[in-house]
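Quick notes on the structure that follows.
By convention here, the first residue in the shown sequence is residue 1. One-based numbering, in listed order, for ligands and for the atoms of each.
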Amino acid sequence: MTLVPTPSVVAPTPFPTPTFVSRPILPPLDSYTAALAGTWNSKVLTNLGPAHERLERAIGERVGAGHVTLWNNGTVALLAALSQLDLHGEVIVTPFTFPATIHAIALLGLTPVFADIDPVSMTIDPICIAEKITSRTSAIVGTHIYGIACDTEAIARLASDADLRVVYDGAHSFGRPAPTFQADVPSALGDVTMLSFHATKLFHTVEGGALVTPHADLNRRLRQSRNFGILDEETVTGVGLNGKMSELHAIMGLLTLEMLDEEIARRALVAEVYLERLSVLPGIDIVAGTSPARQYFVVRVKESQFGSSRDDLHTTLKSLNIMSRKYFYPLCSDIDIYSSHPSAARLPHARLAAEECLALPFYGELSDDDVHRICDAIEWHARRVREA
Ligand SMILES: *Cc1c(COP(=O)(O)O)cnc(C)c1O
């Protein structure tokens, strides 16, 4: 379709610099360097030092359930978690996620088997999981996409019936208010849940992640596997890797953690403006950003009502220096290395979500005026395609 601007519609002014989908919270540089003084004195830079221990305790309190280990990033944490569950054969997983979820399965020589998502929640659908369970299945991996919780109770029932392990990619979930993972619902964590503390996430340690498990024995094995499988000076108990978070990262985490509630409150205000402006636009469904997770603000562009595809809207926004992101596109089951598996063939709900979802700029420093300008740009695009 050609887009013909009509004289009645004035084009919005582009943002002078790119407006990204997320911006990291950062403490004042002075506070970071001041907090590093102790590290410089002690010369303890890593290997589970005092800042690491403080942050691990603080994250544990914030999560409010299970046992917590800190890791150097979310992907390594997920890999370690899967490796400690003695899995074999096939792992049923959502295709609508970031590639790291699938890579962690494949890196262990396991076969990712895709199950479609629920069309509304966009999380892995228990009915579709049930259809994919065979004698070769050993685990289910779900992603709490945009912080929207998987149907953890139904998944726990399926897992218990078929004797499967359950792992959650909770990379987007940390912002949920305490008790983050419903301490009173034992199935909510699965066997283990991963959190990512990457710089693009709501809470971050530059690079970092965590695992939360309800099982004390699994937690013990995870701790050892984080440090090469070493138990003490002369004992190596199992296969391990280097998953340790450094003191420099942990100190960043201690400072950004103090800023987290204010960031969540600011994002709530940004979400209110988006909600007020975008909920009246036909063909724009708001699917994330208004819930407590506050990781992303995501709309689904329904082409038949909106008048344009998600991709055309993305291109228009880019031309105005608004860097929205197609989270999560391409669909993981469409990536060449995974697309030949038979389970990748028919995933209609996941495919539609990957074609329709668009994450808009969402971070505390966005001003009211910025958000209104982004909404003006979306309205302008909609008007232009209708009049074309
Ligand atoms: C960010 C992210 C990851 C990867 O986490 P890292 O800490 O960057 O390794 C995995 N899964 C999802 C859904 C993510 O968004």
Side-chain angles (χ1 to χ4, degrees), residues 20-25 55-56 59 63 68-83 91 93-108 112 114 117 121-124 140-150 166-176 180-181 190 192-212 222 226 241-246 248-250 252-253 256-257 287-289 291 293-298 325-333 335 338 350 353-354 357-359 362-363:
F20 296 106
V21 81
S22 72
R23 299 261 82 185
I25 42 177
L55 183 63
E56 196 164 76
I59 299 293
V63 167
V68 170
T69 42
L70 292 184
W71 292 78
N72 50 8
N73 65 62
T75 306
V76 163
L78 187 59
L79 188 65
L82 293 168
S83 79
V91 173
V93 64
T94 177
F96 191 54
T97 184
F98 185 66
T101 323
I102 319 298
H103 292 336
I105 297 167
L107 275 166
L108 290 167
F114 298 105
I117 58 171
S121 74
M122 297 179 289
T123 58
I124 192 166
I140 300 165
V141 175
T143 296
H144 302 312
I145 195 82
Y146 316 132
I148 300 163
C150 295
V166 177
V167 177
Y168 289 113
D169 179 334
H172 309 159
S173 297
F174 185 62
R176 299 175 72 83
T180 310
F181 296 102
V192 53
T193 292
M194 176 272 266
L195 306 172
S196 167
F197 302 150
H198 184 259
T200 54
K201 304 302 200 276
L202 172 63
F203 163 73
H204 77 94
T205 58
V206 184
E207 292 274 3
L211 293 174
V212 191
L222 289 170
R226 178 173 67 178
L241 36 71
N242 181 355
K244 300 187 282 7
M245 178 185 285
S246 83
L248 276 66
H249 293 84
M252 178 64 89
T256 50
L257 192 58
V287 293
S291 83
R294 309 279 183 204
Q295 171 62 51
Y296 298 114
F297 194 96
V298 184
R325 293 292 298 268
K326 301 175 191 180
Y327 285 157
F328 286 90
Y329 181 89
L331 197 62
C332 289
S333 49
I335 301 172
Y338 301 125
C357 285
L358 191 66
F362 193 46
Y363 49 89

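For an aromatic pair to be called close, the ring centres must be under 6.0 Å apart, and H172 with F328 satisfies this.
Residues V93 and F114 are in side-chain contact: their nearest non-hydrogen atoms beyond the backbone lie under 4.5 Å apart.
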Polar pairs, ligand 1 vs protein, N/O only, below 3.5 Å.
{"from": "ligand 1", "atom 1": "5 (O)", "to": "S196", "atom 2": "OG", "distance (Å)": "3.2"}
{"from": "ligand 1", "atom 1": "7 (O)", "to": "G74", "atom 2": "N", "distance (Å)": "2.8"}
{"from": "ligand 1", "atom 1": "7 (O)", "to": "S196", "atom 2": "OG", "distance (Å)": "2.7"}
{"from": "ligand 1", "atom 1": "9 (O)", "to": "G74", "atom 2": "N", "distance (Å)": "3.3"}
{"from": "ligand 1", "atom 1": "9 (O)", "to": "T75", "atom 2": "N", "distance (Å)": "2.9"}
{"from": "ligand 1", "atom 1": "9 (O)", "to": "T75", "atom 2": "OG1", "distance (Å)": "2.6"}
{"from": "ligand 1", "atom 1": "11 (N)", "to": "D169", "atom 2": "OD1", "distance (Å)": "3.4"}
{"from": "ligand 1", "atom 1": "11 (N)", "to": "D169", "atom 2": "OD2", "distance (Å)": "2.6"}
{"from": "ligand 1", "atom 1": "15 (O)", "to": "H172", "atom 2": "NE2", "distance (Å)": "2.7"}
{"from": "ligand 1", "atom 1": "15 (O)", "to": "K201", "atom 2": "NZ", "distance (Å)": "3.2"}

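Separating the NZ atom in K201 from the OG atom in S22 is a distance of 8.5 Å, to the nearest 0.5 Å.
The side-chain hydrogen bond (donor to acceptor under 3.5 Å, both in side chains) analysis of residues 69-80, with sequence neighbours excluded, yields the pairs T69-W71.
In this structure F203 satisfies the ring pair (Phe, Tyr, Trp, His ring centres under 6.0 Å) test together with F174, F197, sequence neighbours excluded. With sequence neighbours excluded, the residues forming a ring pair (Phe, Tyr, Trp, His ring centres under 6.0 Å) with Y327 are Y296, listed by chain and number.
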